[in-house]
Amino acid sequence: MSQPVAIITGASSGIGLAVTKHLVADGWRVVMADITEESGKAIAAELGDQVLFCAIDVSSYPQQADLFKKAFSWGGDRLELFAANAGIADTQFLHENDYHCDEDGTVLPLSLKTMDVNFTAVVQGIWLFKHYARQNKVPGGKVIITSSAAGLYQMGTNPIYTASKHALIGLTRALGPLFDQQNIQVNAICPAFVLTGLCPKDIRDRFPKEHVTPMSTIIKAYETFINDDSLSGQTVEVSLNQLYFRTQPDYPNESQRWLAEDSTSFWEEAYKEPVQS
Ligand SMILES: NC(=O)c1ccc[n+]([C@@H]2O[C@H](COP(=O)([O-])OP(=O)(O)OC[C@H]3O[C@@H](n4cnc5c(N)ncnc54)[C@H](O)[C@@H]3O)[C@@H](O)[C@H]2O)c1
């Protein structure tokens with residue numbers, strides 16, 4: 001099969017669905033992964049043979065591992081793109097007082113499902129992607145992570161979501177140059193507000209139109225990362241009709257620059273010993 005193959009998570013709705021449709025129109029074969037089975041299956045049936053729908057919860061490692069195995073075989077032993085896109089808002093609020101205790105009075109843990117879906121599942125997905133991308137005819141591929149404007153600023157109503165999206169930016173910046181050496185480019189998009197299923201319908205209806213980023217700008221960001229092999233470890237803010245490449249904060253002094261850029265040989269020395277697990 002000569003068509004490139006992509007896995008897109010969170011593909012039943014919003015950004016994932018729009019990217020799926022765009023890639024299919026562009027000749028890709030797409031494995032749509034989503035926890036929402038009914039609509040995903042129906043959309044996949046409409047899109048035809050170029051797509052395969054897999055009902056999975058990305059926060060389950062065995063389910064994600066099975067997804068990659070199926071996708072690689074369905075794609076004819078090739079996999080060029082992993083769009084790590086599935087995401088959810090906070091499932092419990094750290095700043096609110098809705099905690100519960102067990103019968104001994106011990107406070108039950110906060111739900112960290114948001115970290116599991118938005119961050120841990122992305123890391124595990126990249127881990128799996130590397131295994132398969134290395135087996136491509138030309139070894140390598142691309143990872144595009146959907147972070148958020150909340151990965152650059154803060155979203156006061158959703159502290160855990162904010163933390164998860166910031167974590168994705170750190171991951172992208174650290175991993176991008178390392179993976180590039182294996183011909184895998186890792187980049188992240190940081191959308192501003194886009195009308196999708198993430199936000200309740202009544203809020204969508206009332207949201208000021210001048211602050212809504214069109215899906216076409218998200219697609220432009222995807223196209224940029226798909227077509228430009230020189231980009232890895234990059235973060236692009238997607239707002240209204242523009243893409244803004246965002247770099248890490250400036251160093252306050254030469255010592256901080258040295259620690260971040262020139263101290264590598266010291267760390268390599270330190271990590272010569274096997275890491276204890
Ligand atoms: N819409 C926005 O304004 C906006 C802004 C910045 C970032 N984002 C990010 O964009 C990404 C896509 O969200 P969207 O806006 O298209 O929302 P959406 O709700 O329309 O789509 C998200 C999809 O992810 C799926 N999903 C949720 N949990 C899952 C899981 N555990 N396993 C598999 N699939 C799961 C949902 O079923 C849904 O189909 C998310 O990571 C979100 O944080 C969205």
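What you are looking at is a predicted structure, and each value in this text was computed from that prediction instead of being measured. Each ligand, and each atom within it, is numbered from 1 in the order the structure gives.
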| query | Looking only at heavy atoms, what is the nearest atom pair of G140 and I184, with distance? | reply | CA-CG1, 3.9 Å
| said: For T36, is there any backbone N or O sitting under 3.5 Å from a side-chain donor or acceptor partner on S12? | reply: yes
| request: Please report which non-hydrogen protein atom sits nearest to atom 40 (C) of ligand 1, along with the residue it belongs to and the distance in Å to one decimal place. | output: N85 O, 3.2 Å
| note | the protein heavy atom lying closest to atom 7 (C) of ligand 1 turns out to be S147 O, 3.2 Å
| query | Hey, is K113 one of the residues with a heavy atom under 4.0 angstrom from ligand 1? | reply | no
| message | Give me the nearest non-hydrogen protein atom to atom 43 (O) of ligand 1 as residue plus atom name, then the distance to 0.1 Å. | response | Y161 OH, 2.6 Å
| query | Is any N or O atom of V58, backbone or side chain, closer than 3.5 Å to an N or O atom of ligand 1? | reply | yes
| query | Tell me, which protein residue and heavy-atom name are nearest atom 6 (C) of ligand 1, and how many Å apart are they? | reply | P191 O, 3.2 Å
| remark: A student checking ligand 1 against K165 at a 4.0 Å heavy-atom cut-off should list atoms 40 (C), 41 (O), 42 (C), 43 (O)
| query | Should the pair K113-D57 be classified as a salt bridge under the 4.0 Å nitrogen-to-oxygen rule? | reply | yes
| Any donor-acceptor pair under 3.5 Å linking the side chain of S232 with the backbone of V186? | yes
| Under 3.5 Å between some N or O of ligand 1 and some N or O of T196? | yes
| message | If the cut-off is 4.0 Å to any non-hydrogen atom of G14, which atoms of ligand 1 fall inside it? | response | 16 (O), 20 (O)
| field | Interatomic spacing from CD in E237 to CZ in F245 - rounded to 0.5 Å | value | 12.0 Å
| Is the gap between the ring centers of Y132 and F82 under 6.0 Å? | no
| query | Charged N to carboxylate O under 4.0 angstrom, E254 versus R257? | reply | yes
| remark: Exactly one of N118, T9, N85 clears side-chain hydrogen bond (donor to acceptor under 3.5 Å, both in side chains) with T146, and that residue is N85
| Which residue holds the protein heavy atom closest to atom 22 (C) of ligand 1, what is that atom called, and what is the gap in Å? | G87 O, 4.2 Å
| query | Can you find an N or O of T36 that's nearer than 3.5 Å to an N or O of ligand 1? | reply | yes
| task | Given side-chain contact (heavy atoms from CB on, under 4.5 Å), test H100 with D102 step by step and report yes or no. | result | CA-CA 7 Å; H100 301 283; D102 68 12; over 6 Å; no
| Within-cut-off N or O pair, I35 and ligand 1, under 3.5 Å | yes
| note | atom 19 (O) of ligand 1 sits nearest the protein heavy atom L198 N, 3.2 Å
| D57, portion touching ligand 1 at heavy-atom distance under 4.0 Å | both
| task | For F193, counting its heavy atoms only, list the atoms of ligand 1 lying under 4.0 Å from any of them. | result | 3 (O)
| Geometric N/O contact I15 with ligand 1, under 3.5 angstrom | yes
| task | Could you list which atoms of ligand 1 come closer than 4.0 Å to a heavy atom of S148? | result | 6 (C), 7 (C)
| request: Specify side chain, backbone, both or neither for I56, according to which of its non-hydrogen atoms lie closer than 4.0 Å to ligand 1. | output: backbone
| query | Does a side chain donor of either S111 or T91 reach within less than 3.5 Å of an acceptor in the other side chain? | reply | yes
| remark: Output for pair (Q92 CD, L112 CG), nearest 0.5 Å, gives 8.5 Å
| query | Distance only, no hydrogens: is a donor on one side chain within 3.5 Å (strictly under) of an acceptor on the other, for E96 and Y99? | reply | no
| task | Within a distance under 4.0 Å of any heavy atom of I88, pick out the atoms of ligand 1 and give their elements. | result | 27 (C), 28 (N)
| said: Below the 3.5 angstrom mark, is there an N/O of V194, backbone or side chain, next to an N/O of ligand 1? | reply: yes
| query | Below 3.5 angstrom, do we get any N/O pair linking A11 and ligand 1? | reply | no
| message | I'd like to know if R29 and D49 make a salt bridge, using a cut-off of under 4.0 Å between side-chain N and carboxylate O. | response | no
| Among protein heavy atoms, which lies nearest atom 24 (O) of ligand 1, and at what distance? | G10 CA, 3.3 Å
| atom 37 (O) of ligand 1: which protein heavy atom is closest, and how many Å away? | D34 OD1, 2.6 Å
| task | Please state which part of A192 comes within less than 4.0 Å of ligand 1, counting heavy atoms only: side chain, backbone, both or neither. | result | backbone
| query | With side chains defined as the heavy atoms from C-beta onward, is the minimum distance between L175 and R173 less than 4.5 Å? | reply | no
| side-chain contact (heavy atoms from CB on, under 4.5 Å) between I15 and L17: does it pass, once the steps are laid out? | CA-CA 5 Å; I15 292 173; L17 178 56; over 6 Å; no
| field | Proximal ligand 1 atoms for T146, defined as those under 4.0 Å from one of its heavy atoms | value | 9 (C), 10 (O), 11 (C), 41 (O)
